[in-house]
Amino acid sequence: MRQVIIKPGEDGFWVAECPNLPGCISQGQSRKEAIQNIREAIEGYIEVLEQGRQSIPPASLS
């Protein structure tokens, strides 16, 4: 499980960001959609790191 920050964005969209995966950001028209989209973005982000044999940042920020 990773920390995700969700906040209202522009034009009524919600923005979701995973702080310990730099650049891993998504959005949705609803809060629920933003959460679903960031989950997919996190999975894709980690998959790319694994394919490139790069280290995966730990899930916690501490």
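Taking all atoms of both residues into account, the shortest heavy-atom contact from S55 to L49 is O-CD1, 3.9 Å. Between A59 and M1, the shortest heavy-atom contact is CB-O, 3.2 Å.
Atom-to-atom distance recorded for N20:CG and Q3:CD is 7.5 Å, nearest 0.5 angstrom.
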Could you tabulate the donor-acceptor pairs under 3.5 Å formed by side-chain atoms of residues 30-41, not counting sequence neighbours?
residue	atom	partner	partner atom	Å
S30	OG	E33	N	3.0
E33	OE1	Q29	N	2.8
N37	ND2	Q27	O	2.6
N37	ND2	E33	O	3.3

Residues 8-17, side-chain donor-acceptor partners within the protein, below 3.5 Å, at least two apart:
none

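Cluster annotation: V4 and L21 are assigned to the same hydrophobic cluster (Ile/Leu/Val/Met/Phe/Trp/Tyr, side-chain heavy-atom contacts under 4.5 Å, transitive).
A donor-acceptor pair under 3.5 Å links the side-chain atoms of Y45 to the main chain of P22, judged by distance alone.
When the side-chain hydrogen bond (donor to acceptor under 3.5 Å, both in side chains) test is applied to E43, no partner is found at least two apart in sequence or on another chain.
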